[in-house]
Amino acid sequence: MTTALLSTADELHARVRRGRRAVVMTMGALHEGHATLIRTARDLAGRDGEVVVTVFVNPLQFGAGEDLDRYPRTLDADLKLAEQAGADAVFAPSVDEVYPGGQPQVRLSAGPMGERLEGATRPGHFDGVLTVVAKLLHLSRPDVALFGQKDAQQLALIQRMVRDLNFGVEIVGVPTVREADGLALSSRNRYLSPDERRTALALSRALFAGRDRHAAQEALRARAREVPSTHARAEALSAIGESRAAADAHAVATAAPGGPAAVRAAARQVLDEAGRVEPPLKLDYLALVDPADFTEIGDGFTGEAVLAVAARVGTTRLIDNIPLTFGNLGAAS
């Protein structure tokens, strides 16, 4: 197949639509994470549908001193990757096409959820994100739009915007794609020197440490729940050491710090160590939050949660996250 390169909304609107249109929104500098989004979009659109990849570096979401000017722009390579992954069209509009007459006077507000974590570090960032996503949804008119779960707060806000403002589009989150060593794929990874990249691995290692601590604690609690409840049963099992194992499980599950506090502590230990190496990791935040509103969860929380981290290594800022489940719903996802 040949992927069409389009630069205006009129060109996109002129395309004949026969099935579902699935859109993948990007800022270009495409990598395997984007390719996974495109392939998933291809599956959702079906053989008779259409997959459109948008490539637009949105100036509204970059703050003062951020990397708007040096953000990689690799349209030829992006077109090739999009074609290989199964896209029918790449929509790469100019700034004037998206914002005719200059930056828009009317913009979307991300509200309180957009002021937390990434929003606290980058004021106004999510207002810019939601404004451009809304614009591109109107321009591309998809049935379904796909976004990576690596940008968990962005995904949650887009889902909330679509629900709160009655956009007629389905939003699908696609799991984070990682390199073999665990580093989450990002267009900004190319900024890292070899030494900086080694330090940056602490982000994923911290998340995995928190996940593993949670999984171990859940396993201990499950083991403790299996302990014989009567003295007679415990005595009957003592010959094979079951009572000792049960007692150990009880003791550890009771004495060891568990729940969200333990997850945060395990992750923070890795990040603290990375802050003492050269080059050091400079932590922006580590948070364990409810994905419904991105507020920190408490010790009694049950349900789905997101363990999220953001940090700088050299001049490069990176983010990452993993989903966890607390309480009766199970252990780590």
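Residue numbers start at 1 and run along the sequence shown. Predicted model only: the values in this text are computed from it and were never measured.
In this structure, Gln149 CD and Leu155 CG are separated by 6.5 Å, a value rounded to the nearest 0.5 Å. One distance of note links CD of Gln84 with CG of Leu79; it measures 10.0 Å at 0.5 Å rounding. Here CG of Leu307 is found 5.0 Å from CG of Leu207. Values are rounded to the nearest 0.5 Å. How far CZ of Arg47 is from CZ of Arg18: 13.5 Å, rounded to the nearest 0.5 Å. The distance from the CG atom of Asn189 to the OG1 atom of Thr316 is 8.5 Å, given to the nearest 0.5 Å. One finds the CD atom of Gln269 at 8.0 Å from the CG atom of Asp272 (value rounded to the nearest 0.5 Å).
When the salt bridge (Lys or Arg N to Asp or Glu O under 4.0 Å) test is applied to Arg268, no partner is found at least two apart in sequence or on another chain. In terms of the salt bridge (Lys or Arg N to Asp or Glu O under 4.0 Å) criterion, Arg141 has no residue partners (sequence neighbours excluded). In terms of the salt bridge (Lys or Arg N to Asp or Glu O under 4.0 Å) criterion, residue partners of Asp284 (sequence neighbours excluded) are, by chain and number, Arg317. Applying the salt bridge (Lys or Arg N to Asp or Glu O under 4.0 Å) criterion to Glu196, with sequence neighbours excluded, gives no partner residue. Residues passing the ring pair (Phe, Tyr, Trp, His ring centres under 6.0 Å) test with Phe167, sequence neighbours excluded: His138.
For Ala308 against Asn321, the heavy-atom pair with the smallest separation is CA-CB, 3.9 Å. For the residue pair Pro260 and Ile297, the shortest heavy atom distance occurs at CG-CD1, 3.7 Å. For the pair Pro142 and Val169, the tightest heavy-atom approach, listed with the atom from each and the gap, is O-CG2, 3.8 Å. Closest approach of Thr199 to Ala274, counting heavy atoms only: CG2-O, 4.2 Å. Heavy-atom minimum distance, His214 versus Val263: CB-CG2, 3.5 Å. Residues Val55 and Val90 come closest through the heavy atom pair CG2-CG1, 3.9 Å.
Between the side chain of Lys150 and the backbone N or O of Ser186 there is no donor-acceptor pair closer than 3.5 Å. Using a distance-only test at 3.5 Å, with no hydrogens or angles considered, a donor-acceptor pair links the side chain of Glu66 to the main chain of Gly63. A donor-acceptor pair is defined here as one N or O able to donate and one able to accept, closer than 3.5 Å; such a pair exists between the side chain of Ser187 and the backbone of Ala29. Here the side chain of Gln159 pairs no donor or acceptor atom with the backbone of Gly173 at under 3.5 angstrom. Using a distance-only test at 3.5 Å, with no hydrogens or angles considered, no donor-acceptor pair links the side chain of Thr131 to the main chain of Arg107. Using a distance-only test at 3.5 Å, with no hydrogens or angles considered, a donor-acceptor pair links the side chain of Thr3 to the main chain of Ala87. For Asp48 (side chain) and Gly19 (main-chain N/O), no donor-acceptor pair under 3.5 Å exists by modelled atom type. A donor-acceptor pair under 3.5 Å is formed between the side chain of Gln153 and the backbone N or O of Arg116. With hydrogens and angles disregarded, no donor-acceptor distance shorter than 3.5 Å links the side chain of Thr176 to the backbone of Ala184. Side chain of Thr121 to main chain of Glu118: no donor-acceptor pair is present (N/O by atom type, distance under 3.5 Å, no hydrogens or angles).
Looking at Arg42, Arg21, Arg15 one by one, the single match for side chain to side chain donor-acceptor pair (under 3.5 Å) with Asp88 turns out to be Arg42.
For the 3.5 Å distance criterion, the side chains of Asp293 and Thr295 qualify, holding a donor opposite an acceptor.
Residues Tyr99 and Asn58 meet the side-chain proximity criterion, which asks for heavy atoms closer than 4.5 Å. The shortest side-chain heavy-atom distance between Leu6 and His13 does not fall under the 4.5 Å cut-off. Val23 is not listed as a side-chain neighbour of Leu136, based on a closest heavy-atom distance of 4.5 Å or more. In this structure, the side chains of Arg160 and Val162 stay at 4.5 Å or more apart for every pair of heavy atoms. Proximity of Arg190 to Pro72: side-chain heavy atoms (C-beta onward) are separated by under 4.5 Å at one or more points. Inter-residue side-chain proximity for Leu139 and Thr54 is flagged as unmet; no heavy-atom pair is nearer than 4.5 Å. For the pair Met161 and Leu108, the minimum side-chain heavy-atom distance is below 4.5 Å. Between Val53 and Ile38 there is a side-chain heavy-atom pair separated by less than 4.5 Å.
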Could you walk me through whether Asp78 and Met27 pass side-chain contact (heavy atoms from CB on, under 4.5 Å), step by step? CA-CA 10 Å; Asp78 294 344; Met27 292 204 302; over 6 Å; no

Criterion salt bridge (charged side-chain N to carboxylate O under 4.0 Å, His left out) on Asp181 and Arg197, from CA distance to verdict: CA-CA 11 Å; Asp181 57 12; Arg197 195 182 186 287; 2.4 Å; yes

Report the C-alpha separation of Glu304 and Thr325 in whole Å, then their side-chain angles, then the decisive distance to 0.1 Å, and conclude whether the side-chain hydrogen bond (donor to acceptor under 3.5 Å, both in side chains) test is met. CA-CA 5 Å; Glu304 301 297 323; Thr325 306; 3.1 Å; yes

Report the C-alpha separation of Arg264 and Glu296 in whole Å, then their side-chain angles, then the decisive distance to 0.1 Å, and conclude whether the side-chain contact (heavy atoms from CB on, under 4.5 Å) test is met. CA-CA 11 Å; Arg264 293 185 183 98; Glu296 292 279 355; 2.8 Å; yes

Tell me, with the steps shown, if Val309 and Ile319 meet side-chain contact (heavy atoms from CB on, under 4.5 Å). CA-CA 6 Å; Val309 62; Ile319 63 172; over 6 Å; no

Which is it for His125 and Phe62 under the ring-ring contact (aromatic ring centres under 6.0 Å, His included) test, yes or no, and what are the steps along the way? CA-CA 6 Å; His125 169 70; Phe62 288 80; 7.9 Å; no

Go through it in stages, so that I can follow the logic: the residues are Val174 and Thr36, the test is side-chain contact (heavy atoms from CB on, under 4.5 Å), and I'd like the CA-CA distance, side-chain angles, deciding distance and then a yes or no. CA-CA 8 Å; Val174 177; Thr36 299; 4.1 Å; yes

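Asp212 and Arg205 are not joined by a salt bridge, as no carboxylate oxygen comes within less than 4.0 angstrom of a charged side-chain nitrogen. A salt bridge links Arg178 with Asp320: at least one charged nitrogen is closer than 4.0 Å to a carboxylate oxygen. Ion pairing between Arg213 and Glu218 fails under the 4.0 Å rule for side-chain N and carboxylate O. Using a 4.0 Å cut-off between a side-chain N of Lys or Arg and a carboxylate O of Asp or Glu, Glu115 and Arg122 do not qualify as a salt bridge.
Linking ILVMFWY residues whenever their side-chain heavy atoms come closer than 4.5 Å, directly or via other members, places Ile158 and Val306 in the same cluster. Linking Ile, Leu, Val, Met, Phe, Trp and Tyr residues whenever their side-chain heavy atoms come within less than 4.5 Å leaves Leu137 and Leu146 in two separate clusters. The cluster map of Ile, Leu, Val, Met, Phe, Trp and Tyr, joined by side-chain heavy atoms under 4.5 Å apart, puts Val313 and Val270 in different clusters.
Applying the ring-ring contact (aromatic ring centres under 6.0 Å, His included) test to every pair with at least one member in residues 265-297, sequence neighbours left out, gives no pairs at all.
Counting heavy atoms of neighbouring residues, nucleotides and ligands inside a 6.0 Å radius, atom CZ of Arg70 exceeds 12 of them. Enclosure of atom CZ in Arg163 by more than 12 non-hydrogen atoms of other residues, nucleotides or ligands within 6.0 angstrom is indicated.
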